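So the structure is just underneath, and the comments pick up after that.
Small disclaimer: the values here were computed from a predicted structure and weren't measured. If you read the sequence from its start, that first residue is 1, and numbering goes on from there.
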Amino acid sequence: MTDKRTSEDYYKESKRLRTEVLQQAELLKGSPLHFTITNGITMRVEITKSDLKTIVSKNVGDNKFNAIKNALAKDIPGYLSKAEYLGWRPVAEGKHTESAYFAYFSRELGCRTILCMRRLADGDIYKPYAIINDHVFATTKEELRK
């Protein structure tokens, strides 16, 4: 079965899903989602309106990937529960000073996606930061630790 959707179709779907995630994010305003999950590592996770807004606002040049990323952003707990833990890497010097390190989780749904979770430096809370593709992930893959 061949996918006959065009880049324009994926662009429209990406925008529609982005709107849905932003509506969902409004519900988190002043009342973040908290949960604990163990998948490779144990994390106390907090998801805020700002976290979801950041994820759906980061786009790559691939409209299909953006649509998949935005669909996955609708259910971060579900993503984490079914993902493969890839490892963690230190924060680049001088960047993301609020973060102690980044942990990475991978899922394959239409394409490979990698959820980047940041551990806050001032506690043991993890927050979703981005859903990236292999191209972006490749730039830091060498620094990964298990």
Practice problem: Taking the side chain as every heavy atom from C-beta outward, state whether I68 and T113 have any atom pair closer than 4.5 Å. | Solution: yes

Quiz item: Counting distance only, does the side-chain N/O of K69 pair as donor-acceptor with the main-chain N or O of I55 below 3.5 Å?
Solution: yes

Quiz item: Same hydrophobic cluster for Y126 and L120, using side-chain heavy-atom links shorter than 4.5 Å among ILVMFWY?
Solution: no

Quiz item: Sequence neighbours excluded, which residues qualify as side chain to side chain donor-acceptor pair (under 3.5 Å) partners of E20?
Solution: R16, K74

Exercise. Say whether, by atom type as modelled, one donor and one acceptor occur between the side chain of R107 and the main chain of C111 under 3.5 angstrom.
Key: no

Exercise. For E46 and P32, work out which heavy atoms get closest and say how close.
Key: CG-CB, 3.8 Å

Exercise. Give the cluster check for L72 versus V60: same hydrophobic cluster or not, with ILVMFWY residues linked at side-chain heavy-atom distances below 4.5 Å.
Key: yes

Quiz item: Does K15 offer a backbone N or O that forms a donor-acceptor pair with the side chain of T19 under 3.5 Å?
Solution: yes

Practice problem: Indicate the atoms forming the closest heavy-atom contact of S57 with R18, along with that distance. | Solution: OG-NH2, 3.2 Å

Self-check item: Cationic N near anionic O, under 4.0 Å, R118 to E98
Solution: yes

Quiz item: Relative to F35, does R44 satisfy both conditions: NZ or CZ under 6.0 angstrom from the six-membered ring centre, and within 45 degrees of the ring's axis?
Solution: no

Practice problem: Of all the heavy-atom pairs spanning P90 and Y101, show the shortest one and how long it is. | Solution: CA-CB, 4.3 Å

Quiz item: Looking only at heavy atoms, which two atoms of L144 and L86 are closest? And how far apart?
Solution: CD1-O, 3.8 Å

Quiz item: Has the side chain of N59 got a donor or acceptor atom that lies under 3.5 Å from a matching backbone atom of N66?
Solution: no

Self-check item: OG1-CE distance between T36 and M43, expressed to the nearest 0.5 angstrom
Solution: 9.5 Å

Self-check item: Minimum side-chain heavy-atom gap M117-L115 below 4.5 Å
Solution: yes

Practice problem: Following the transitive rule for hydrophobic clusters with a side-chain heavy-atom cut-off under 4.5 Å over Ile, Leu, Val, Met, Phe, Trp and Tyr, establish whether Y79 and I125 coincide in one cluster. | Solution: no

Quiz item: With no hydrogens and no angle check, do the side chains of Y11 and T6 hold a donor and an acceptor under 3.5 Å apart?
Solution: no

Self-check item: R89 versus Y104, side-chain donor and acceptor atoms under 3.5 Å
Solution: yes

Exercise. Provide the closest heavy-atom pair for L33 versus P77 in the form atom of the first, atom of the second, distance.
Key: CD2-CG, 4.0 Å

Exercise. Treat each ILVMFWY residue as a node, draw an edge where side-chain heavy atoms are under 4.5 Å apart, and state whether I131 and L17 are in one component.
Key: no

Exercise. May I ask you to decide if G78's main-chain N or O and S81's side chain share a donor-acceptor pair within less than 3.5 Å?
Key: yes

Self-check item: Same apolar cluster (I L V M F W Y, side chains within < 4.5 Å links), L27/L22
Solution: no

Quiz item: Can N70 and S14 be counted as having a side-chain donor-acceptor contact under 3.5 angstrom?
Solution: yes

Practice problem: May I ask you to test the I47-L28 pair for a side-chain heavy-atom distance under 4.5 Å? | Solution: yes

Quiz item: Are the side chain of N133 and the backbone of F65 linked by a donor-acceptor contact shorter than 3.5 Å?
Solution: no

Exercise. Check whether any side-chain heavy atom of I76 sits under 4.5 Å from a side-chain heavy atom of L52, and report yes or no.
Key: yes

Quiz item: How long is the span from the NZ atom in K127 to the OG atom in S50, to the nearest 0.5 Å?
Solution: 7.0 Å

Quiz prompt | Side-chain donor/acceptor of K146 to backbone N/O of Y85, under 3.5 Å | solution = yes

Quiz item: With distance as the sole criterion, is a donor-acceptor pair present between the side chains of R112 and S106 under 3.5 Å?
Solution: yes

Quiz prompt | Residues which pass ring pair (Phe, Tyr, Trp, His ring centres under 6.0 Å) with F102, listed by chain and number, not counting sequence neighbours | solution = H96, Y129

Quiz item: Hey, what do you get for NZ (K58) to CD1 (I132), rounding to the nearest 0.5 Å?
Solution: 9.5 Å

Self-check item: Any donor-acceptor N/O pair, D51 side chain to T48 backbone, under 3.5 Å
Solution: yes

Quiz item: What heavy-atom pair brings N39 and A83 nearest, and what distance separates the two atoms?
Solution: ND2-O, 2.7 Å

Quiz item: When rounded to the nearest 0.5 angstrom, what distance separates CD1 in I114 from CD in E108?
Solution: 9.5 Å

Quiz item: Of all residues at least two apart in sequence or in a different chain, which pass the side chain to side chain donor-acceptor pair (under 3.5 Å) check with T54?
Solution: none

Quiz item: Taking everything shown except K82 itself, do over 12 heavy atoms lie less than 6.0 Å from its NZ?
Solution: no

